[in-house]
Amino acid sequence: MKSVKPTVLIVDDDKNTRDGLARALKRHYEILLAESGERALAILSNTPADVVISDVRMPGMDGLTLLQRVMTHTPQPIVMVITAYGNVETAVKAMKHGAYDFLTKPVNLDHLDILIKRALHSQKVEGQIENLHEQLDAKYGITNIIGSTPVMIDVFETIKQAAPTPATILLQGESGTGKEVAAHAIHQLSPRSKGPFIAVHCAALSPSLLESELFGHEKGAFTGATSRRMGRFEMADGGTFFLDEISEVDPAIQVKLLRVLEERTFERVGGDEPVDVDIRLIVASNRNLKELVAKGKFRNDLYYRLDVVNITMPPLRDRLNDIPVLCQHFLKDFNHKNDRQIEGIVPEVMNVFSGYAWPGNVRELRNTIEKMVVLGRGKKLTLRDIPANIRDEASDLASGSSWTGGPTPASGSIEEAEQLMIQTALKKNNGNRTKAAQEVGISRRTLHRKLKKYQLEDSAESENAESE
Ligand SMILES: Nc1ncnc2c1ncn2[C@@H]1O[C@H](COP(=O)(O)OP(=O)(O)OP(=O)(O)O)[C@@H](O)[C@H]1O
Ligand SMILES: [Mg+2]
């Protein structure tokens with residue numbers, strides 16, 4: 001049978017140390033032994049090891065030189081060095097050269113065991129993101145959008161298929177779901193990737209500013225127009241034009257946009273000479289455009305022109321399984337940006353995270369990890385590092401809920417499930433909040449807050465009626 005135990009290479013010139021470590025580790029690991037740095041390299045050239053534990057002071061090649069040599073290997077083993085007690089300088093040097101950690105003599109075997117386990121775990125998740133990046137890159141050419149859940153695979157497939165075509169793309173989805181990242185990916189995967197990518201955020205500008213920003217203006221078009229100015233559409237010539245928050249565009253500009261879409265031509269503000277542009281259009285909205293059309297707030301004809309390839313970015317709560325890898329991705333990023341070395345996130349944090357609704361989606365998750373990395377107090381991020389608002393909103397339902405069944409919500413959203421759960425519990429307990437809270441497994445105070453949030457206060461007894 002093929003062994004699945006990780007391999008540990010022990011390098012020490014002292015036989016007693018080698019044997020002692022081997023004895024302690026052989027239950028959980030495949031052990032290799034080397035009495036010198038040279039011998040260790042010879043072994044590694046045939047047999048890859050997951051972990052190398054090396055003494056520093058040895059005759060011939062010393063531990064630090066061995067470390068430097070091993071760091072060039074692929075796959076790269078995790079290296080830990082054993083230094084004499086109190087030899088801080090060597091330890092620091094080893095860490096600088098890429099050692100995962102150092103141990104002091106005499107080696108505490110329990111500590112060693114924990115250290116190896118932790119190192120292998122962090123290597124594994126890191127390997128997972130790297131793998132995912134590679135897969136997404138190889139399969140879709142997409143490297144900046146993280147996701148491996150079926151709903152995201154669907155999005156990737158559509159992007160891959162539509163990106164190389166000149167088709168207009170409509171990206172919809174709640175705020176923070178990655179519409180702008182998707183727009184960039186589409187541009188990168190299109191034959192226009194060498195051309196400009198020009199983005200305009202419609203909500204940020206007043207109608208008249210937006211108009212001259214998009215179409216440019218002629219000299220003297222309005223007070224302050226002292227010279228002719230090129231608009232963003234012209235700047236995007238030969239490239240991709242990304243129009244963000246298109247639902248906020250004023251009706252007069254909607255008409256002009258329609259013409260750009262149909263004829264790829266327009267006039268600058270204050271001018272009558274038509275300007276032709278060669279652009280690929282991507283538009284985004286975090287409001288449902290079809291609904292806005294139904295309400296008469298968005299032009300029907302414009303909507304149909306935009307609705308060629310329609311991609312909806314799923315909210316984070318519908319792809320909870322992507323949370324761990326997104327977290328790892330952001331952890332790495334913010335460790336790097338803040339010069340921090342947080343090693344990982346304990347699994348309990350993921351439980352809380354998957355019990356939270358993430359109204360701000362991936363952006364909120366990203367900001368949360370940033371906060372946790374900056375303020376993190378330990379080697380790993382744990383429950384106490386989670387911002388209070390998220391812990392309050394999520395933990396009641398995520399951990400130890402006594403809820404075991406009942407009606408299931410139609411859309412599958414956590415908020416809806418929560419609301420249903422609370423309503424059912426209240427009904428069952430004749431509106432008694434204390435009993436309902438107990439049944440759902442949350443505190444009475446939290447229940448009170450949630451009733452307010454979902455405007456369910458009528459279905460519960462008033463505060464006074466219940467106080468006994
Ligand atoms: N799948 C993803 N993988 C990695 N990062 C992501 C992903 N989705 C979103 N992000 C990150 O989340 C943040 C918000 O994404 P983005 O700006 O694309 O959202 P949006 O849908 O355009 O939101 P809004 O409607 O508010 O403009 C960005 O920092 C982005 O890098
Ligand atoms: Mg956006």
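We count ligands from 1, going down the list as the structure has it; atoms in each ligand are counted the same way. The chain is numbered in sequence order, starting from 1. Not measured: the values here are computed from a predicted model.
- The closest approach between a heavy atom of Arg366 and any atom of ligand 1 is below 4.0 Å.
- Looking only at heavy atoms of the protein, atom 5 (N) of ligand 1 is closest to Phe330 CZ, 3.7 Å.
- Side-chain contact check for Glu218 versus Val269: every heavy-atom pair is 4.5 Å or farther apart.
- Under the rule for a side chain to side chain donor-acceptor pair (under 3.5 Å), Gln76 has no partner lying at least two apart in sequence or in another chain.
- At least one heavy atom of Gly176 sits less than 4.0 Å from an atom of ligand 1.
- The pair Asp301-Arg305 does not count as a salt bridge, with every side-chain nitrogen at least 4.0 angstrom from each carboxylate oxygen.
- At a threshold of 4.0 Å, the pair Lys256-Glu267 does not count as salt-bridged, since none of the basic side-chain nitrogens sits closer than that to a carboxylate oxygen.
- Remark: minimum distance from atom 11 (C) of ligand 1 to any protein heavy atom is reached at Val362 CG1, 3.9 Å.
- Between Gly178, Ala284, Gly147, it is Gly178 that holds the heavy atom closest to atom 16 (P) of ligand 1.
- What sits closest to atom 26 (O) of ligand 1 on the protein, heavy atoms only, is Ser175 OG, 2.5 Å.
- What sits closest to atom 31 (O) of ligand 1 on the protein, heavy atoms only, is Val181 CG1, 4.2 Å.
- Note: Tyr303 and Phe298 fail the aromatic proximity criterion, with ring centroids not under 6.0 Å apart.
- Not a single heavy atom of Asp322 sits under 4.0 Å from any atom of ligand 1.
- Taking any N or O of Asn286, backbone or side chain, at least one lies under 3.5 Å from an N or O belonging to ligand 1.
- Within 6.0 Å of the CZ atom in Arg69, the count of heavy atoms belonging to other residues, nucleotides or ligands does not exceed 12.
- Closest heavy-atom approach to atom 18 (O) of ligand 1 within the set His184, Glu370, Arg363, Glu180: this belongs to Glu180.
- Note on Glu245 versus Lys179: no salt bridge recorded, every NZ/NE/NH1/NH2 to OD/OE distance being 4.0 Å or above.
- We find the NZ-OG1 distance between Lys5 and Thr7 to be 10.0 Å, quoted to the nearest 0.5 Å.
- Counting atoms of ligand 1 from 1 in the listed order, those under 4.0 Å from a heavy atom of Asn144 are 3 (N), 4 (C).
- Side chains of Leu171 and Val283 form no contact here, defined as non-hydrogen atoms less than 4.5 Å apart.
- Of the protein's non-hydrogen atoms, Ile146 O, 3.0 Å is the one closest to atom 1 (N) of ligand 1.
- Counting only heavy atoms of the protein, atom 25 (O) of ligand 1 lies nearest to Lys179 NZ, 2.7 Å.
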